[in-house]
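Please read the structure below before turning to the comments.
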Amino acid sequence: MTTTNATSAAGLTANLSSITTTAQAKAAQAAASAQAGQAMGKDAFLKLFTTQLQNQNPLDPMDNTAFVSQLAQFSQLEATTNMSDSLNQLVSTLKGSSLTTSAALIGHQVAAPGAPAVLSGGNPVSAVLDLPSGADSVVVTVNGPDGTKVRTLTLSSQPVGLANVTWDGRDDKGDALPNGNYTLSATVTNAGQKSAGKIGPLTTVKSVSNSATSNDPVLGVDGGANVNFSSIMQVAY
């Protein structure tokens, strides 16, 4: 829009150069020159256009073609501005709708990558693994709060879709681990090729808030972590 507005201002400046040199016309021409290198809003465009009409030479009026062209430019500017306002309103409406929708998840469990695997009271920790191409085998690694590997889980061949993973809260020696936030990661093997798997621990949604940088609501979950609404893999009611 900035390029179109600047071009429009430059065209009006050229037309003003043929106007009789009254004090008001000179002022209008100076204003047009100042606007030429800047973005011009519809109000400034209309004011400049009106000033041009008021100060045109009666003996040499504006060419009809130029007059129609400038009207068309103003109409285009008006339409573009209105469209931008409408889109901003739509974005605001959708943002409020997303927040309302995600608020229904409070108190429910969701599987979200990046959420901590919260071990509490010795209860097993469940997670969901996304396997869009299936897997010949999967290795799930559990890291402790300090980042140290504490448990390795091996899954056999898995079909395409979501696979459920359960960790009993014990280390590789079978000893129960203390409560805390643990981290899960997965390595998927398919046709001899290994790749990182997308795994999301099941966690309870505690709060919902708007994001300061996008229209994606932010969910506050167990362990004091935040995850994006769009990252949810599964909802458990």
Task: Closest non-hydrogen atom pair, Lys194 against Thr189 - done: CG-OG1, 3.5 Å

- [ ] Provide the full list of side chain to side chain donor-acceptor pair (under 3.5 Å) pairs with a residue in residues 139-150, sequence neighbours left out, each pair given once.
- [x] Asp146-Thr148

Task: Exam field: side chain Asn228 to backbone Ser230, donor-acceptor pair closer than 3.5 Å - done: no

Open item on the list: Nearest 0.5 Å, please: how far is OG in Ser126 from CD in Gln234?
Closed with: 10.0 Å

Open item on the list: Going by salt bridge (Lys or Arg N to Asp or Glu O under 4.0 Å), name the residues that satisfy it together with Asp216, two or more places apart in sequence or in a different chain.
Closed with: none

TODO: Would you name the heavy atoms of Ala112 and Val227 that are closest together and state the gap between them?
DONE: CB-CG2, 4.0 Å

For residues 155-169, tabulate all N or O donor-acceptor pairs below 3.5 Å that involve a side-chain atom, not counting sequence neighbours.
residue : atom : partner : partner atom : Å
Ser157  : OG   : Ala135  : O            : 3.4
Gln158  : NE2  : Ser156  : O            : 3.2
Trp167  : NE1  : Arg170  : O            : 2.9
Asp168  : OD1  : Arg151  : NH1          : 2.8
Asp168  : OD1  : Arg170  : N            : 3.0

Task: Worked check of side chain to side chain contact (heavy atoms under 4.5 Å, CB included) between Tyr182 and Leu177 - done: CA-CA 10 Å; Tyr182 293 77; Leu177 293 169; 3.4 Å; yes

Open item on the list: Let me check something: do Leu153 and Leu184 share a hydrophobic cluster, defined by ILVMFWY side-chain heavy atoms less than 4.5 Å apart, either directly or through other members?
Closed with: yes

TODO: Can you see which heavy atom on Leu105 is nearest to which on Leu219, and at what distance?
DONE: CD1-CD1, 4.2 Å

Task: Nearest-0.5 Å distance that lies between atom CG in Leu129 and atom CE in Met233 - done: 6.5 Å

TODO: State whether the side chain of Asn181 and the backbone N or O of Pro145 hold a donor-acceptor pair below 3.5 Å, judged by distance alone.
DONE: no

Task: Closest approach of Asp136 to Ala191 (non-hydrogen atoms, all atoms of both residues) - done: OD2-N, 2.7 Å

Task: Ala127 versus Pro201, closest heavy-atom pair with distance - done: CB-CA, 3.7 Å

Open item on the list: Checking the side chain of Asn190 only, and the main-chain atoms of Gln193 only, is there a donor and an acceptor separated by less than 3.5 Å?
Closed with: no

Task: Main-chain N/O of Val218 paired with Asn226 side-chain donor or acceptor, under 3.5 Å - done: no

Open item on the list: Show the nearest heavy-atom pair for residues His108 and Ala236, with the distance to one decimal.
Closed with: CB-O, 4.0 Å

Task: Identified side-chain contact (heavy atoms from CB on, under 4.5 Å) counterpart of Val110 within the set Leu202, Val128, Thr203, Thr204 - done: Thr203

Task: Residues Thr183, Val142; criterion side chain to side chain contact (heavy atoms under 4.5 Å, CB included); working and verdict - done: CA-CA 6 Å; Thr183 304; Val142 182; over 6 Å; no

- [ ] Measure the spacing between OG of Ser120 and CG of Asn179 and express it to the nearest 0.5 Å.
- [x] 5.0 Å

Open item on the list: With heavy-atom distances below 4.5 Å as the criterion, would you say the side chains of Val140 and Thr152 are in contact?
Closed with: no

Open item on the list: Is there a side-chain contact between Pro132 and Asp130 in this structure, where contact means two heavy atoms from C-beta onward sitting under 4.5 Å apart?
Closed with: yes

